[in-house]
Number of protein chains: 2
Amino acid sequence: MENVDSLKKILGSHKLRITDCRLHVIQLFLTERKALSQGDLENQLNQYDRVTLYRTLNSFLDSGIIHKIPNSEGVATYGLCHETCSPNQHDHNHIHFKCNSCGQIQCLDDKSVPNVMVPEGYHIEAVNMIVDGVCAKCA
Amino acid sequence: MENVDSLKKILGSHKLRITDCRLHVIQLFLTERKALSQGDLENQLNQYDRVTLYRTLNSFLDSGIIHKIPNSEGVATYGLCHETCSPNQHDHNHIHFKCNSCGQIQCLDDKSVPNVMVPEGYHIEAVNMIVDGVCAKCA
DNA sequence: AAATTATATGCAACTCAGTTGCATATAATT
DNA sequence: AATTATATGCAACTGAGTTGCATATAATTT
């Protein structure tokens, strides 16, 4: 169970008002430790309106608390950011692991993205790596 | 201008009927040489119904002619496959480059994805790399 | 502590990407 | 030429995500 004061501190440091909904959403990201969609939030936080959850996710996205994870599924998924991220500057050169068995997407923060080569003249700003496979739990 | 016979051959080798719409869609992928969305097709192939274009993309996806490119935009984008791809086995360990200036997504087929490390117990099946930056044309 | 301000929330309605159903057209096979 | 399988167009639908408005509420000011 995460300390409420540390949750409030996250909101405060990103200049966001502290509301129950927002505290619960951050709490869920911290306890689940995987990527979450609006639908995931909706399933587990029944007391909040679905529009509110969309807006909460967008507020968090705008303020650098979460980042969007590229995928092909037609449903947006979000992962928690590091403290180093800001609204304008996301630092997400980490690996996203999508398990084809359980469907979960995880941010593998402890594994760094290898150096990547691009053709002459191309400038790299960010690298996102999506690994498909089977996670340790399902293997 | 691509040779119609080679276009027909692509369809034939994937067990698909040869229709005008399908020929035009493949043609567009081959001439544009970048990722395309249904909307891109619709804008440039006005003579076909939008549902037909969705269905054509899905047929090509199912038969291994194109692959979906993960992204965060809320609109599906597709890139042309290699001849080695099949319905069940896609071989797309290449880099997708998203230009933040012009918005285009390209498959950098000539650049290979570097080896990736995942935690103990995780099995890798496919790796997808999305590089954000500025392409050579916009830099 | 009360008043004010700024913004979060709920509800209804909307937009748009993608899909389905059905009838007809058409490519491929017999 | 006839038949079969499937591609296409049209209308309608679904669902993810967004907008507008009134009200609630967190934060700031008085």
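Convention: sequence-line order gives letters A, B, ...; per-chain numbering from 1.
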OP1 or OP2 of [N] under 4.0 Å from side-chain N/O of [X]:
| X | N | value |
| --- | --- | --- |
| T52(A) | dG10(C) | yes |
| N58(A) | dT18(D) | yes |
| S37(B) | dA17(C) | no |
| Y54(A) | dT18(D) | no |

Measure the distance from [atom1] on [X] to [atom2] on [N] and round it to the nearest whole Å.
| X | N | atom1 | atom2 | answer |
| --- | --- | --- | --- | --- |
| D40(B) | dG18(C) | CG | P | 11 Å |
| K68(A) | dG17(D) | NZ | P | 7 Å |
| E73(A) | dA17(C) | CD | P | 19 Å |
| L61(B) | dG18(C) | CG | P | 12 Å |
| L57(B) | dG18(C) | CG | P | 9 Å |
| L53(B) | dA17(C) | CG | P | 14 Å |
| L11(B) | dT6(D) | CG | P | 15 Å |

Check your understanding: Between which residue ranges does DNA chain D form stems of three or more consecutive Watson-Crick or G-U wobble pairs, both distances under 3.5 Å?
Key -> C:1-30 with D:1-30
Exercise for review: Compare all side-chain heavy atoms of L7(A) with those of L30(A) and state whether any distance is below 4.5 angstrom.
Suggested key: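 With C-beta onward as the side chain, the pair touches.
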Which heavy atom of [X] sits nearest a heavy atom of [Y], and at what distance?
| X | Y | value |
| --- | --- | --- |
| F97(A) | H123(B) | CZ-O, 3.5 Å |
| Y48(B) | H24(B) | OH-ND1, 2.9 Å |
| I69(A) | G79(A) | CD1-N, 3.8 Å |
| C21(A) | T56(A) | SG-OG1, 3.6 Å |
| C135(B) | C99(B) | N-SG, 3.4 Å |

**Study point:** Residue whose closest nucleotide on DNA chain D lies nearer the 5' end, Q47(B) versus Q38(A)
**Key:** Q47(B)
Point to revise | Neighbour count >12 (heavy atoms, 6.0 Å) for atom NZ, K8(B) | key: no
Review point. Is the number of heavy atoms from other residues, nucleotides or ligands under 6.0 Å of N115(B) CG greater than 12?
Key: no
Check your understanding: Want to settle it: does D49(A) or G39(B) sit nearer the 5' end of DNA chain C, counting the closest nucleotide to each?
Key ->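 Nearer the 5' end of the strand: D49(A).
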Exercise for review: Could you walk me through whether S6(B) and I10(B) pass side chain to side chain contact (heavy atoms under 4.5 Å, CB included), step by step?
Suggested key: CA-CA 6 Å; S6(B) 63; I10(B) 295 173; 5.9 Å; no
Check your understanding: Between D40(A) and S37(A), is any side-chain donor less than 3.5 angstrom from a side-chain acceptor?
Key ->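 Distance-only check passes for D40(A) and S37(A).
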Revision key, fill the gap. 5' to 3', nucleotides 20-30 of chain D under a 4.0 Å protein heavy-atom cut-off (B base, S sugar-phosphate only, - none) gives BB---BBS---
Exercise for review: Among dG18(C), dA13(C), dT19(C), find the nucleotide with the atom closest to the side chain of R50(A).
Suggested key: dA13(C)
Practice item. Taking only the side-chain heavy atoms of R22(A) (C-beta and beyond), determine which of dA8(C), dA17(C), dG9(D) contains the nearest atom. Key: dA8(C)
